[in-house]
Amino acid sequence: MKNKSFIVLSLALCLIIVLAGCEKKSKSTERTDVVLLVGNHGNSAIPSLNSQAFKDEMQAAISSGGTVSAVVDDGNPFSQTFNDGQSYTAELEQYKNDPNQQKMLVENIVDEILKSAGNMKAKSPEVDMLMSLRKSAEILKSQSKSSRKIILMDDTGLSTTGVLNFRNNLLSLNPEKIVEELKAKQDIPDLSGITVKWIQEAVVSPQQALSQKDNNRLIAIWRMIIEAGGGKLEVELSTQTGNVREKFKNLPNVSSVDVGADTPINYDPKAEISFVQPLVLNDKQLNFQADSAAYISGKSALLLLEPIAKYLKLHQNFKLLLVGTTAGDTGQVDENQAQALSLARANAVKNSLVKLGTKPQNIATVGCGIRSLWHISGLGLTDIAAAKNRTVVMIDASSGVAKNITK
C-alpha cells in the first residue's frame, strides 16, 4: 500500500514539474509585437532608444517571431515596418543548436533596427502625440491577437497640435476633466491589451523647462488617457542630454508651450523640509542691510538656516540652487547692479550654510536681479510690498526650473 501511494505521489510530482516546465516555456516563447514611438523633433533632448528596457522588448520580438515597427511623432505621424514577423526566422533557425550564437545574432539585429529608428526624424511641424499613440496602437491591433503588444515611447510628451494641444493651457486643467472631454469626443485611442513603456525626454530651448508640478501633471494626463483606452503605462525619466537639433539639422518647427514655475512657498524653519516646491527666504527673514549682502544679524541668519543645513547633511547627494532676486522694475534700477546684488545675497546664504557644515560643492548660486521667474511687476522700490521681490529662493538643482534658470 505504501509503495502504491509513493508511486501515485511521484507521478503527481512529475506531472506538476512537467506542467511547470511547459508553462515556463510558453511564457518565454510568447510572441511579442513592438512599435517604437520616436520623438526626433524640435524642443526635445536627443532620444535614448538604446535603453536596456527597449532592447529587452525588441529582442523578445525578434526571438519570438514578432513584428517591429516605428512611428515618428510629429505633426503628421508616419510609420515604417522593420520586421514583419518572418524576416529573421530563417537566420535564427540556422543557429537553433547554438543559443549563444543565436543570442548574438538577435542583439545585432536589434542594434541595427534601433540605429535605423534613431535616424528617423520629424517631417512635419509640431507634435501630435495622441495621433502617434493611436497610429502605434492600430499597427499593433493589426498583428496577431495572441501576442504581447508593446509601445516603446521615447518623447517629451508635450504635444503641440491636434486634439490634445498643450499650447491651449491644458497643464492648468484637472487631468480628469481632460479625459472626460476626450471620451465625450471619442478621441481616446484603443489601447486595450497594450503596455506603453515611456522614456520621457527633457524639453530643451526654446521650450521653457516644466516645473515639477507641471511635469507630474503631464505624466498624469497621459497615464489617465492610456488607462482609459485599456492600456498600461510605465514611465522612466531620461537622463539624456543634448538638443536633438545637434543631431538633425533643419527640423520642422515645434511651438513652445507656455508653462509657469511653481510658486515658492515661504520657508518655515519649524516645518518639515521639502523641496517639492521652491522655498523662499524673504527679506524679513534674512534681514540684509540696505543695498548690501551683509546681514543685520549674522547670528539670526545662522539660526534661520540651521534646519536647511541639517537637511543637506542628511541628504549628501542633494544639490541645492540658491536664486537671489531684487526689487524694482525696468527703468527703476541699474539691472547689472541688481543682478550683482542678488548674486551676492545668494552667496551670503551659501556661506552661512557652509559655516553650518554643508559641503560647498552641493550648493550653486545665481543672481537674477529683477528678472526672476517670480518677479512681481509694479511693486516699486520703497513700498512695503517691494520686499516680496527681495528674496533668496531655494530650489532642487536637478529640477527643470533650476536647469532653466542656470542654462
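Since this is a predicted model, take the numbers as computed values, not measurements.
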Notebook entry, point to check: Once the angle between the rings of Phe318 and Tyr311 is folded into 0 to 90°, is it parallel (under 30°), tilted (30 to 60°) or perpendicular (over 60°)?
Noted result: perpendicular
Checklist line | Straight-line distance of Ile62 CD1 to Glu107 CD, nearest 0.5 Å | finding: 12.5 Å
Next item on the list: Nearest 0.5 Å please: distance from the OG atom of Ser172 over to the CZ atom of Arg217.
Entry: 7.5 Å
Check: What's the verdict on side chain to side chain contact (heavy atoms under 4.5 Å, CB included) for Ser192 and Lys141, showing C-alpha distance, side-chain angles and the deciding distance?
Finding: CA-CA 9 Å; Ser192 54; Lys141 293 289 183 181; 2.6 Å; yes
Note to self: On a heavy-atom basis, which atom in Leu251 and which in Arg245 lie closest, and how many Å separate them?
What the structure shows: O-NH1, 3.2 Å
Notebook entry, point to check: Are Arg371 and Thr330 close enough, and set up right, to give a side chain to side chain donor-acceptor pair (under 3.5 Å), and what steps lead you there?
Noted result: CA-CA 9 Å; Arg371 297 290 178 179; Thr330 302; 3.1 Å; yes
Notebook entry, point to check: Does the side chain of Glu30 come under 3.5 Å of the side chain of Ser64 through a donor N or O and an acceptor N or O?
Noted result: no
Checklist line | Working for side chain to side chain contact (heavy atoms under 4.5 Å, CB included), residues Ile151 and Lys197 | finding: CA-CA 6 Å; Ile151 296 175; Lys197 297 191 175 186; over 6 Å; no
Note to self: Any heavy-atom pair between the side chains of Val72 and Asn40 that's under 4.5 Å?
What the structure shows: no
Item checked: Pair Ser399-Phe275, side chain to side chain contact (heavy atoms under 4.5 Å, CB included): steps then yes or no -> CA-CA 10 Å; Ser399 68; Phe275 286 95; over 6 Å; no
Notebook entry, point to check: Are Lys121 and Asp74 close enough for a salt bridge, meaning some N to O gap below 4.0 Å?
Noted result: no
Item checked: From OG1 (Thr358) to CD1 (Ile308), nearest 0.5 Å -> 9.0 Å
Checklist line | Of Ser44, Pro47, Ser48, the residue whose pairing with Ser238 passes side chain to side chain contact (heavy atoms under 4.5 Å, CB included) | finding: Ser48
Notebook entry, point to check: Could you give the distance from CD1 (Ile188) to CE (Met224), rounded to the nearest 0.5 Å?
Noted result: 9.0 Å
Notebook entry, point to check: Side-chain contact, heavy-atom cut-off 4.5 Å: Phe78 with Asn76?
Noted result: no
Item checked: Which atom of Pro189 lies closest to which atom of Ile225, heavy atoms considered -> CD-CG2, 4.2 Å
Note to self: Quick one about Ser300 and Ser297 (side-chain donor to acceptor, distance below 3.5 Å, no hydrogens or angles considered), yes or no?
What the structure shows: yes
Item checked: Exercise: identify the closest heavy-atom pair between Val71 and Ser132 -> CG1-O, 4.1 Å
Checklist line | Ser116 to Phe82 - nearest heavy-atom pair and separation | finding: CB-CE2, 3.6 Å
Margin query: Under a 3.5 Å cutoff, is there a donor and acceptor pairing between the side chains of Ser255 and Glu126?
Written below: yes
Checklist line | Under 3.5 Å side-chain donor-acceptor pair for Asp128 and Thr161 | finding: no
Check: If you take all heavy atoms of His41 and Asp73, which pair is closest and at what distance?
Finding: CD2-O, 3.2 Å
Notebook entry, point to check: Any side-chain heavy atom of His375 within less than 4.5 Å of one from Asp329?
Noted result: yes
Next item on the list: Taking the side chain as every heavy atom from C-beta outward, state whether Asn215 and Gln200 have any pair of such atoms under 4.5 Å apart.
Entry: yes
Next item on the list: Indicate whether the side chain of Thr32 and that of Arg148 have a donor and an acceptor atom separated by less than 3.5 Å.
Entry: yes
Item checked: Nearest atoms (heavy-atom pairs only) where Leu356 meets Ala309 -> CB-CB, 3.6 Å
Notebook entry, point to check: What's the spacing between Asp214 CG and Gln208 CD if we round to 0.5 Å?
Noted result: 9.0 Å
Next item on the list: Verify the distance criterion only: is there a donor paired with an acceptor across the side chains of Asp56 and Gln52 at less than 3.5 Å?
Entry: yes
Note to self: Side chains of Thr325 and Thr391: any donor to acceptor distance under 3.5 Å?
What the structure shows: yes
Check: At what distance, to the nearest 0.5 angstrom, does CG of Asp187 lie from CD1 of Ile178?
Finding: 13.0 Å
